[in-house]
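By convention in this document, chain letters (A, B, ...) are assigned in the order of the sequence lines, proteins followed by strands, and residues within each chain are numbered from 1.
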Amino acid sequence: MSDVKEFDTRPAGNPSAESPLAWTFHRQGVLPRDANAGVRLREKSFLGHLILRGGAIILDEAVREVLGMALPARPNTLTLDESGERSIQWLSPDEWLVIVPGGEEFALESRLRKAMGQAHYSIINVSGGQTVFTLQGEKAREVLMKSTLYDVHTQAFPVGKGVSTVFAKSTVVLRRPNEDSWELVVRRSFADYCYRWLLDAAAEYGAIVER
Amino acid sequence: MTQVNRLKQGGRIDRSRPLKFVFNGQQYAGYGGDTLASALLANGVDIVNRSFKYSRPRGIVAAGAEEPNAVVQLGATEAAQVPNVRATQQALYQGLTARSTNGWPNVQRDLMGMVGKLSGTFMPPGFYYKTFMAPASLWMTYEKYIRKSAGLGRSPAEPDPDSYEHINQHCDVLIIGAGPAGLTAAVTAARNGARVIFCDEQEEMGGSLLDSRELIDDMPAAQWVDRILDELSSLSNVTLLPRTTANGYHDHNFVTLHERRTEHLGDSAPTGGRRQARARLHRVRASQVVLAAGAHERPLVYANNDVPGNLLAGAVSTYIRRYGVMPGQKLVLSVTNDHAYRTALDWQEAGCEVVAIADARANPKGELVEKAQSLGIRIIAQSAVIEAKGSNRVSAACVAKIDADSFSVVGRVEELACDTIASSGGYSPVIHLSSHTGTRPLWRDDILGFVPGEVKGLTATGGVRGVYPLHEVIRDAADAGVRATLAAGVKTHAEATTLPQVAARQDGEACALYQVPHRKPSMRAPKQFVDLQNDVTAAGIELATREGFESIEHIKRYTAMGFGTDQGKLGNINGMAIAARCLKRTIPEVGTTVFRPNYTPVTFGAIAGRHCRDLFDPERYTALHQWHVEQGAEFEDVGQWKRPWYFPRTVNGKKETMHEAVSRECLAVREHIGILDASTLGKIDIQGPDAREFLGRVYTNKWAKLDVGRVRYGLMCKDDGMLMDDGTTSCLGENHFLMTTTTGGAAGVMEWMELWHQTEWPELDVYFTSVTDHWATMTVTGPDARKLLAEITDIDLDKDQFKFMDWREGTVAGVPARVFRISFTGELSYEINVQANYAMHVWKTLFEHGEKYELTPYGTETMHVLRAEKGLIIVGQDTDGSVTPEDLGMQWAIGYDKPFTWIGKRALSRPDTRRADRKQFVGLKPKDAKVVLEEGAQIVLDPNQSIPMAMVGHVTSSYYSPTLGHGFALAVVKGGHQRMGETVYLPMVDGTVYEAEIVSPVFVDPKGERQHV
Amino acid sequence: MFHIYCPYCEEHREEEEFHPKGQAHIQRPVDPEACSDEAWGDYLFFRDNPRGIHHELWVHAVGCRKFFNITRHTVSYEILETYKMGEKPSITAADLSEKDKQAGVQAASGGWQTVGARPESEALNKEARA
Amino acid sequence: MQHYSGFGLVKHALSHHENWQRQWRNPTPKKEYDVIIVGGGGHGLATAYYLAKVHGITNVAVIEKGWLGGGNTARNTTIVRSNYLWDESAALYEHSMKLWEGLSQDLNYNVMFSQRGVLNLGHTLQDMRDIQRRVNANRLNGIDGEVLDTKGVQDIVPIMDCSKNARYPVMGASWQPRAGVARHDAVAWGYARGADARGVDILQQTEVTGFKIHDGRVVGVHTNRGDIGAKTVGCVASGNSGVLAKMAGFKLPIESHPLQALVSEPLKPVLDTVVMSNHVHGYISQSDKGDLVIGAGIDGYVGYGQRGSYATVEHTLQAIVEMFPIFSRVRMNRQWGGIVDTCPDACPILSATPVKGLFFNCGWGTGGFKATPGSGHIFAATLAKGKAHPLAAPFSIDRFHTGALVDEHGAAGVAH
């Protein structure tokens, strides 16, 4: 919709950027690298995050046109492109989270806005406000059971599912992009807490953290 | 020490694993597989405790969760102390150290016992209420001694070295209890494909089958248990949880299971290797619950039934068959039913003497009775043990013929020498969980017990619903397993698996007997204990009913029956039966007791889980947190955020006080330039053609004409007219706004706007999205702000191009930024918003360029002083939920003539909000320039009035102003707006009375020129 | 611990994801200025508080952030239905059994008015759904 | 009435306790009473007691649908304090406190009122401002109180974690030495015994099913034991007040919410005062029996089920372990819930109603136990005179229409 101020928040030059876990890693010094670790944790930082709000039908048309992907229409689902690098996540009947490689988000926003024309919708860039953790390993599911209320049994949580739910005393979008990994979309200011929680819950299994 | 009572063979203990342990300072030996209780019995320890009220010696009575006496203090070190551990549920481990919780100087020779004998006479139930009233002044002294004698174990004095955790579980069928019913239900549900969680409180699964004499599929029952457990553990759809007690049943089939992970291994979780939690609290959401918790045996209530050597019949069998322990040599058994006869058989088979079985039934018959007869055991019909003899151990049992109907002894009393009396008055189904959500249990005369009422999603099976014969239990449980699986929606053929074969046993009918009559009336007979842990006697219950306590809840509370750590598992039904007898009612007429969680006590640690210490509550950090830490900032907790409070410098090795640091920071802003991390402010991006209309409805002021590029301050009220939040909102585009909220109000405001949009005004086209975390916000403020910013921005900062309450976009330090010219200090200010990932770069660049201007970081304290000097409010500090915008004198921010009746407007015309003497927001200038008034100080007009004084307001904010060189305050005062220049008084706790003048709340730059430069 | 079906997420979720927001179907007076002080006070503060069937507003706070309604029994805590904003409850006082009535079970009286479903917004909601 | 004393105990012991009298009768309802009190909890029984004792009105019935003292009186955490913020509520609770101080002797029933002091902790700067404001107001209202710093708190409760390591370190507290705890059941029983002895009929297992109203004036009640006439009716039914109001044809600004509490297993004395924290959100004391008595906040939904959500209990124990790390290995014995009648301003309603002769005393929310004597005393005066006692006047239902709320949320942020 017109009369909205688009703004590319990513600098053109190359100023140093700090992910939400920068302070956490700095404070921790040496990152855990346990032998026979049951879980592996990695931060996927500096991705492009957009929140789309609007009617499903019109947004679906736009993202098909611009991204070549369908908008997940069913609640609590996730679609990914073939590379797995671009995803759209259902958040509510009129709200979706699009995650793309860092740097693509502003161009994507502009193209979506063009495609949406005069419809009522909103697109918000939240790339600085959240980050993604991936959790892998044979004990990843048990660590999640200690952390979230949602049923993470493979029957209840197949690949392609994603939900907003409680994570310890924070909230995350928890999703399963593929067989091997879980993703947690975490708010920036809670990233340190979620990270510390995950490592504490994984203590009995051993953990490896990759940057 | 030898294990004098240990049988040469038999039991499920591991004789290849000898263990040493210490009880009351004495070393003993036991085996792997023992409980502390079985090991104590094996070592011939009769007295394990003293009772808390009468100090009577007490021994082990039961073998499980129902044990009232053997409650001990566990732990070899201070930090590992655990109070009130039931010895019957504590696995023995190497080095276990325990002691009795009562008894002085020790349980064997207890001096309090003398007092106990006296108090037995002078301490009827309710005696506290009847005495210690005079003189009133001595009550607190009396109470100190009352308290000293109460309590069981003691709290550790050091923090717990262990950790605990929660785990969230979901399943189709949760099966509670791994006796015959649970095993059958579990294997049935599992074979039908259900996701099954199967838990049992004991160290080993199998329940009553572990000490059963019966055969299943032609093999000893315990062997069948192993076979079923092997099968279950091989199935991927089954989670087996031994050592796991279902302790709470909550709404909609939410069940908490407490898994003891390391308590059988040692005082604390094993060290070395990876850290394990001591206990795990499973939070289970089950589609269906199968309750297979079995039944507790009920003891009979007879005189001196608390002397060590009085046990439950079933417990005796358990100790013999499961633990290879003889609790004594000569047994008298007092029963009301056939099942208990097995104890006599077990006893005799173990090679000891059964003196007699007193059976309350006139004509006992049944397979087990016949078996006992055939073994030559003496059976005395229509009789019971009416009194135990002995002081520290049973020495004899008085058996007599009784008439239950007339509640009297009708024959000669025979004294039988023995060292053990085992009784069985029938069985009480373990209905606790089924009544946790308020469902009343139902009394059944045929089984003489309460069974679960109907609970949605819960199926009771086996003993817990009064089905006792093993062959019937198995049939019932297989059926329950199928029904639960189907009810959970599992797609299955739902075939009951082949039932295991169990011979049907012919049992005679049981009879009802609770309190055994004595030759003397209850009030005069030796004590007949109902609740052993709380020293509640039959006479006590009789007295309660005599005094008018007629409901079971009254009786329980007056006598304390059932309030112990065993929650009356043994005593409640007997107590109700006694009350029923006294009141001439039936048991169900006396009432049922509704059990509450927990089934057995659970540590606070396990319930708290991982949410403690560093993880008690999230600490939210801004993108600049590391810088603040490295600068040595002191932090203030604002909601969950950690905000820099002030930045003390160390000058000549001396760290500044807060006062010094804040004065320096304040002056830096007023004279040069300061910088604040304001990232915690809530930020909401608002888009849509109706955004402007929406703002007009939720804010008190007007939004219709705010131009793109402009910013406006707004107040938000609830519909009761009271201020709720404030902040600035910027017009980014005609249909696009960025709202800021207070740090603490961010989430609430977001939900508030969604509430109104979704419920009242869905026709407005507008969307809200939180961008609080996306933007980092840095405020540069002070006379040099423009100069500094100009060095690193491409934005035109010309004062006529970029005016106060304008915003512009461009780059700052090469990073795209929105810059807002708003001021919370009264100085020339720019609030820079950049994407949080680049915040540190921008912040550091500002400092690189700011050094020459003495750019000074400041924290929340300085922010508060500076804004207060300008009379700017902080919602929640200067307001408290009872303050309207008019009270604040902010009529300029109220759109009285807006077409839509915005939220809060109507309430402003109610009689109370129209009052002239409402408390209104003003400034206070202390008469003594050196004084900084106390925040929260109360204001009076006449300091000489007597107490209670008429208070007219209070100080909301108060600081020393380094700019003004004196203290100043903000306050609310009744009718304050009309009282400018008047003197008010502030009487303090220490007797000092301060004087202050009511002034305008704007102390610095009243014309507001500095922010416009 | 309630297990609540979110009509927007179309599945049951744990109670911790939700916040209760009081009685449902409380409609803000269309013309507040025309309200008496009494009517305004009633709107702000007076609620049905039934011992029995209650229509409640909840928000799926940690989830889709949508507000919706629950019909719940305030004694048994059984959730009888959940329904979206703008919809009406299907279970009301009329559904109380004789047994319930004798047992003193009550029903909230708010069942006929639906917040967000004033004629004009109801039409709009329909449009939005279409 | 049999007089209770230590000497009496000895005498009764010699006769094997066979001569104790009933503490109250089990009377048959009369056709009509001067005053009917609906609700036989602590407040209702206290009202009856003071009607008889202070006002000489003894033709009174207390009608209780269950057993006396079986509602919130039996389910609370027994904290008694009077350090409320606003003048109106401070006056009310201080009036009550003064009655507590002589209650055992007045009733000849030891209610075990233990003035062990109450600490309200502050963990943030705003907490401390609120504490200073409240203590200053209390002192000028003649109520004892002090502001303590961290060390002052640590001195009183050495076992609490007052270190900087806590997530929300203790910055200080308000301290009311006269505050404390009491034996809750004894309060109901003592008032019942005292009222009964003065002629009040306590009708248990009697449920009011409706009100008899003629020309806008109450003339009696319908019950499951028949109709009973009355000139004046006072409803003191806490969580069930809304249900009664509906029977009388009006609504109350009240919602009934679950309020949960829990106790540990009994321990040897370890905590000899009451500690409350709004911010970390929990409160704790130790009873004469040795149980740690712990309270949680109210659950946000309407509930008459006498139970709440488990998560509330978890959060409460997290707070307790945070404040008292040494209690981690102590075990929770039981949890339970009450039904509390909460008002929008966290203050009670002591008020006439649209029905003449019908008065309501309700809305005490989470803090009713401490008010029992004062509430009964003031409500008795209100019923006897037919108009509000001066201390009751600010708590009329009208305030929800005029806007003159007495907002005590700050003082009652954690249920107590």
**Study point:** Region of Val10(D) that comes under 4.5 Å of a non-hydrogen atom in chain B
**Key:** both
Exercise for review: With a 4.5 Å cut-off on heavy-atom pairs, point out which of His315(D), Arg116(D), Gln205(D), Lys289(D) contacts chain B the most.
Suggested key: Arg116(D)
Point to revise | Contacting region of Ile294(D) [heavy-atom separation from chain B under 4.5 Å] | key: side chain
Review point. So what's closer than 4.5 Å to chain B heavy atoms on Gln286(D): side chain, backbone, both or neither?
Key: both
Review point. Considering only heavy atoms, which portion of His252(B) lies under 4.5 Å from any heavy atom of chain D: side chain, backbone, both, or neither?
Key: neither
Exercise for review: Would you tell me whether Gln23(D) and Tyr558(B) have side-chain atoms, one donor and one acceptor, within less than 3.5 Å of each other?
Suggested key: yes
**Study point:** Most contacts with chain B, counted as non-hydrogen pairs under 4.5 angstrom, among His3(D), Gln335(D), Arg399(D)
**Key:** Gln335(D)
Study note, to complete from the structure: Note: vs chain B, highest number of non-hydrogen pairs under 4.5 angstrom among Gly70(D), Ser5(D), Ala137(D), Ala192(D) is Ala137(D)
Review point. Where on His401(D) is there a heavy atom nearer than 4.5 Å to chain B: the side chain, the backbone, both, or neither?
Key: backbone
Practice item. Could you look at Glu314(D) and say if it's the side chain, the backbone, both or neither that has a heavy atom under 4.5 Å from chain B? Key: both
Review point. So among Trp100(D), Phe113(D), Tyr109(D), which one has a side chain to side chain contact (heavy atoms under 4.5 Å, CB included) with Val187(D)?
Key: Trp100(D)
Point to revise | Toward chain D, the part of Ala136(B) with a non-hydrogen atom under 4.5 Å | key: both
Exercise for review: Name the region of Asp288(D), side chain, backbone, both or neither, that has any atom closer than 4.5 Å to a heavy atom of chain B.
Suggested key: both
Check your understanding: So which part of His554(B) gets closer than 4.5 Å to some heavy atom of chain D, the side chain, the backbone, both or neither?
Key -> both
Practice item. Examine whether an atom of Ser104(D) lies under 4.5 Å from a heavy atom of chain B, and if so say whether it belongs to the side chain, the backbone or both; otherwise answer neither. Key: both
Revision key, fill the gap. With chain B, the option among Gln115(D), Arg167(D), Glu18(D), Gln126(D) that has the most non-hydrogen atom pairs under 4.5 Å is Arg167(D)
**Study point:** Side chain, backbone, both or neither of Gln945(B) within contact of chain D (heavy atoms, under 4.5 Å)
**Key:** neither
Check your understanding: Do you know which of Asp161(D), Val330(D), Asp345(D), Asn141(D) has the most heavy-atom pairs with chain B at a distance under 4.5 angstrom?
Key -> Val330(D)
Check your understanding: At a heavy-atom separation under 4.5 Å, does Met140(B) approach chain D through its side chain, its backbone, both, or neither?
Key -> side chain
Practice item. Using the salt bridge (charged side-chain N to carboxylate O under 4.0 Å, His left out) rule, take Asp162(B) and Arg329(D) through it: C-alpha gap first, then chi angles, then the decisive distance, then the call. Key: CA-CA 9 Å; Asp162(B) 281 331; Arg329(D) 285 179 171 230; 2.7 Å; yes
Point to revise | Proximal component of Leu281(B), with respect to chain D [non-hydrogen, under 4.5 Å] | key: side chain
Check your understanding: Considering the options Gln877(B), His864(B), Glu935(B), which one meets the side-chain hydrogen bond (donor to acceptor under 3.5 Å, both in side chains) requirement together with Ser957(B)?
Key -> Gln877(B)
Point to revise | Engaged part of Val280(D) at the chain B interface, taking heavy atoms whose separation is under 4.5 Å | key: both
**Study point:** Part of Asp87(D) lying under 4.5 Å from any heavy atom of chain B
**Key:** side chain
Point to revise | Any side-chain heavy-atom pair of Leu152(B) and Thr565(B) under 4.5 Å | key: yes
Practice item. Would you check, one step at a time, whether the test side-chain contact (heavy atoms from CB on, under 4.5 Å) holds for Asp880(B) with Asp407(D)? Key: CA-CA 9 Å; Asp880(B) 62 1; Asp407(D) 201 337; over 6 Å; no
Check your understanding: With no hydrogens and no angle check, do the side chains of Asp299(D) and Thr312(D) hold a donor and an acceptor under 3.5 Å apart?
Key -> yes
Revision key, fill the gap. So, the part of Ser268(B) with a heavy atom under 4.5 Å from chain D: the answer is both
Review point. Which bit of His166(B) is near chain D, if near means a heavy-atom gap under 4.5 Å: side chain, backbone, both or neither?
Key: side chain
Point to revise | Segment of Pro618(B) engaging chain D (4.5 angstrom heavy-atom cut-off) | key: backbone
Exercise for review: Against chain B, label Ser309(D) side chain, backbone, both or neither, depending on which of its atoms sit under 4.5 Å from a heavy atom there.
Suggested key: neither
Exercise for review: Cation-pi check, Lys144(B) to Trp139(B): give yes when NZ or CZ is under 6.0 Å from the six-membered ring centre and within 45° of the ring axis, no otherwise.
Suggested key: no
Check your understanding: Do Trp336(D) and Gln260(D) have side chains that get closer than 4.5 Å, going by heavy atoms?
Key -> no
Exercise for review: Using non-hydrogen atoms and a 4.5 Å limit, figure out which bit of Gln567(B) sits close to chain D: side chain, backbone, both or neither.
Suggested key: side chain
**Study point:** Contacting region of Phe254(B) [heavy-atom separation from chain D under 4.5 Å]
**Key:** side chain
Practice item. Name the region of Leu543(B), side chain, backbone, both or neither, that has any atom closer than 4.5 Å to a heavy atom of chain D. Key: side chain
Practice item. Would you check if the side chain of Ser264(D) reaches a backbone N or O of Leu292(D) as a donor-acceptor pair within less than 3.5 Å? Key: yes
Practice item. Flag the pair Ile159(D) / Leu271(D) as yes when at least one side-chain heavy-atom distance between them is below 4.5 Å, and no otherwise. Key: yes
Check your understanding: On the ring face of Tyr4(D), is Arg193(D) found with NZ or CZ under 6.0 Å from the centre and within 45° of the axis?
Key -> yes
Exercise for review: Could you tell me which of Arg183(D), Gln204(D), Glu101(D) has the largest number of non-hydrogen atom pairs under 4.5 Å with chain B?
Suggested key: Arg183(D)
